[in-house]
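Heavy atoms only: backbone and side chains are in, while hydrogens, waters and symmetry mates are out. Order of the sequence lines sets the chain letters (A, B, ...), proteins ahead of strands, with each chain counted from 1.
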Amino acid sequence: MASDFPYLTRSEFGNCIEWFEQVYGAVLEVKVRTSRGSHTYLQISKPLFLAPNDSDDAVDSDIEDLEDTDPTQLDTCSAMECGLIEYHVVYSASWRVPVLYVRVHASTGVVMDCRQVADMLVADSKVRGAMDAVEFGGALGIQDHPELNEPFMYLHPCHTATLLRAVVVPARDGRGAEIGQRNYISAWLSLTGAAVGLSLPSIPH
Amino acid sequence: MSQRAAIQKVWDGMIPIELQLAAADAIELLASAVLPDPFQTFYMLIPRINYLPFITGRVKEQWLDPMLALSGVRAVDGMTINESDIWFEYNGQPLRWHYPAGLLYDMLVSNVAHGEPELPWSLTLHVRKFPVRKLIPQPSTQQMRDMFMAMIKEADFIRNGSTKRVMDLAKSDQMQLLDGLEVHSFEKYYAIHSIIVPLHDAKAVVVSSGSKARSGLPKAIPLKFYMLSGQEDANESTQPDISQFHVSQLPVPLTKEGSEPMTVADAFRLSYEITDTSGNAFITNCACLCQGITIPWETPITWLTDNLFYADCFLHLVVVNIK
């Protein structure tokens, strides 16, 4: 169990993501990565699909954006894999919890517009409404990835600890550390994933 | 000098810059790489603690727009300049607009620690071909304000364990803080800063380590180190490349075990996980720059944060090789 739940030390975080990779490795494209500072973080990749009505909406509503877009590309994209979504679960020494970073690679290149990314990844209008209501630009921001030192989109972490505390009860059945650390990332993702279109598949037994 | 006067001196710190327009952009806009008089070069002072998106407007209004008007270039045929397309470059490197200007200078200009650093700082202005992989796209005053608020909240969380101080501010106070930063008004900014970061008696750090909460002392200091990778092999004349900087962010406690004040050297050891005494070469081989000043390694962190903080309430410390 984490010594100061819901907060983690960096080494507890390292254990949590190793567990996650072990548990979900068969059903998700997931890998623990090491950065130059010998810090570890988690990378999850998913293909990006644009549903047919998404591209139709783009045609109708955002006329200015289309000046630079080839309309035939949107048509061929309709039921196909259109790119790649990279999710990184990175430890924040400031907030002492994981922070979710995301980068969307579409046919036009990396998408660096928060509203566009939210359009692509968040189907649920309630979730989207809650995200847009967050002050100072919404729940999705852009900053330098702490390990890669390149611009990435990220989910503001201020509310993570509160959500975790309210929803998840840490394991106290005497088997202690392994159980809490085994479940931490999946519990955290069940709270944060919806904002970036990341839902966890069920684990085969 | 009073505390407030010292802080204002830091706030007033400026870097003179000399701007030239990228040749390719000049040719596209004016059909000539040589700009008309008197627009060939633009000089301005930029506050060290401020950010590029807040000065872009001035650059456009006082230099680019009059220059285009004088040359008879009109806004037809796509010959416009959007503020969000403007980016700055130094020695081939795009400047990160979300870094304070003074930090960029300390990182990228040689000889700031000793010797004669380049002044004025010679930069190239671009209005086309924004480097979307290297820089966060679409800089604007609004984006800068939003990013700044994220930094201030993070600093608040590090200092106090919650973002209450910042989030409890009246909306008008939050706007005043941002306006003060944007227009570089110390009065406006500092009035709100003093609410988020109340002054305390520096001597109280040692005396009342058991009652930090009551004395209003922070739990930890927001701090970032910026150091070139392979710093040990670099010499002073190596041209720093911004992408090769390693940024280490770690909330630093005020005291070490045994309640001795945490020094800059201690914070460095903590950030880079140096545990044995043989790892102290950095003290003789490197200098620590903050706000353009070389900081002795034994400086207490609390003193540093009280006096040389940046507008986002972080200490941004650049470690440079001096051997």
Among A/Pro151, A/Gly141, A/Pro157, the residue with the most heavy-atom pairs under 4.5 Å to chain B is A/Pro151
Rounded to the nearest 0.5 Å, how far does [atom2] of [Y] lie from [atom1] of [X]?
X        : Y        : atom1 : atom2 : value
A/Ser92  : B/Phe157 : OG    : CZ    : 8.5 Å
B/Arg159 : A/Ser94  : CZ    : OG    : 13.0 Å
A/Glu135 : B/Asp146 : CD    : CG    : 10.0 Å
B/Ile158 : A/Arg96  : CD1   : CZ    : 11.0 Å

Using a strict 4.0 Å threshold on nitrogen-to-oxygen distance, state whether B/Glu273 and A/Arg10 make a salt bridge. no
Is it the case that the side chain of A/Asn149 and the backbone of B/His246 share a donor-acceptor pair, with hydrogens and angles ignored and the cut-off at 3.5 Å? no
Does any non-hydrogen side-chain atom of [Y] lie less than 4.5 Å from one of [X]?
X        : Y        : answer
B/Arg133 : A/Val110 : yes
B/Gln249 : A/Pro146 : no
A/Phe136 : B/Arg145 : no

Turns out that what part of B/Leu178 lies under 4.5 Å from chain A's heavy atoms comes down to side chain
Turns out that what part of B/Met167 lies under 4.5 Å from chain A's heavy atoms comes down to side chain
> Would you say B/Lys134 has more than 12 foreign heavy atoms packed within less than 6.0 Å of its NZ?
Replying inline: no
Practice task
Answer yes or no: are there more than 12 heavy-atom neighbours, outside B/Lys171 itself, under 6.0 Å from its atom NZ?
Solution key: yes
